[in-house]
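Indexing begins at 1, ligand by ligand and atom by atom, following the structure's order.
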Amino acid sequence: MHIHVLGAAAGGGFPQWNCNCFNCDGLRKGTIKATKRTQSSICVSGDGVNWVLFNASPDVLQQIQDFAPLQPGRAIRDSGIQAIILIDAQIDHTTGLFMLREGKVKREIYCTDMVYEDLTSGNQILNILGHYCGINRHDVPIDGNTSFEIPNVPNLRFTAVALKSAAPPYSPHRNDPHPGDTIGVLIEEISTGKKCWYSPGLGEIEPHLPPLMSQADCIMVDGTFWTNTEMIDMGLMTKTARSIGHNPQSGEGGMIEKLNEFGDVRKVLIHINNTNPILREDSAERAILDTHKIEVAYDGMDIIL
Ligand SMILES: [Zn+2]
Ligand SMILES: [Zn+2]
């Protein structure tokens, strides 16, 4: 299985256009040891030719330009992206769909009922695409037992499960969480049995998750914040990390502690907010991750399982 990180940053990217936090300012000025990152998305293939895109970030056009296999060039109009799985309906995970509107072949969109509802009501993006390429929407089962395959993406199998989270700010049910607002996905390469767990938004590792996550050879999880009060401490937000669906890395019950329970498999943090000190390669926080063998995803990172 080939996993390619198209973008490793959380919403806003790194640096964020209007942000002058220590990281964003330092990256612009070249005074910190860090590299820029686009908004989070990965693509996965089981044959190196046909790819499934996880989320469509606002940066998707740049991400496609930076990864040649997504443009195989077999016809006058062509793409290696055969299907798109949406893990939630957030702006930074769906806006790229507008950029993928060209062509006569319908986009194959895999999402839960809750995400489909948000993307045809509070945010009309899937309806609007109907006036361009059009879409084929496929339901994603979230019971954790029912796997599905995607016809044009051979050799991969997907098992999704609902995660504790909230719908996007624009959602008609913003304050009324439903199963399926956010999912995590276990991706399996059928020929090799290799598996990757992907959940860029993960507020809490609830008891139904370890049975799936522990099957994975690589665990890619939410790396948004270092502390639960990161945004409060910087005066940027009044909410804690956990309250907006992101388990922080540090502290009791944090992601480092939780990831340590999964033994000697590859562990990668993705969806990293621009405020997070782990973006600075020489930071004390990054050194702590190193001691726990937890990697920090970057744009262009390839993971071959
Ligand atoms: Zn996001
Ligand atoms: Zn910033």
Plane angle bin for [Y] and [X] - parallel if under 30°, tilted between 30 and 60°, otherwise perpendicular:
{"X": "Tyr198", "Y": "Phe54", "value": "perpendicular"}
{"X": "Trp51", "Y": "His2", "value": "perpendicular"}
{"X": "Phe148", "Y": "Tyr110", "value": "parallel"}

Checking side chain to side chain contact (heavy atoms under 4.5 Å, CB included) against Asn23, which of Ile272, Asn273, Ile278, Ile32 comes through?
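With Asn23 as partner, side chain to side chain contact (heavy atoms under 4.5 Å, CB included) holds for just one option, Ile32.
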Sub-4.5 Å side-chain heavy-atom contact between Ser165 and Asp88:
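Side-chain contact under 4.5 Å: no.
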Which protein N, O or S atoms lie under 2.8 Å from the Zn ion (ligand 2), given by chain and residue number?
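As for protein N, O or S atoms lying under 2.8 Å from the Zn ion (ligand 2), they are Cys19 SG, Cys21 SG, Cys24 SG, Asn274 OD1.
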Decide, yes or no, whether a salt bridge links Asp264 with Arg266 under the criterion of side-chain N to carboxylate O below 4.0 Å.
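Looking at Arg266 together with Asp264, the answer is no, because their closest N to O distance does not fall below 4.0 Å.
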Salt-bridge test for Arg137 and Asp113: reply yes if a basic N is under 4.0 Å from a carboxylate O, no otherwise.
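Looking at Arg137 and Asp113, the cut-off is met.
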Looking only at N, O or S atoms in His93, which is nearest to the Zn ion (ligand 1)?
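For His93, the N/O/S atom sitting closest to the Zn ion (ligand 1) is NE2.
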Looking only at N, O or S atoms, which one in Asp92 sits nearest to the Zn ion (ligand 1)?
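Of all N, O or S atoms in Asp92, the Zn ion (ligand 1) lies closest to OD2.
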Strictly under 2.8 Å, is any N, O or S atom of Asp88 next to the Zn ion (ligand 1)?
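Checking the Zn ion (ligand 1) against Asp88, no N, O or S atom falls under 2.8 Å.
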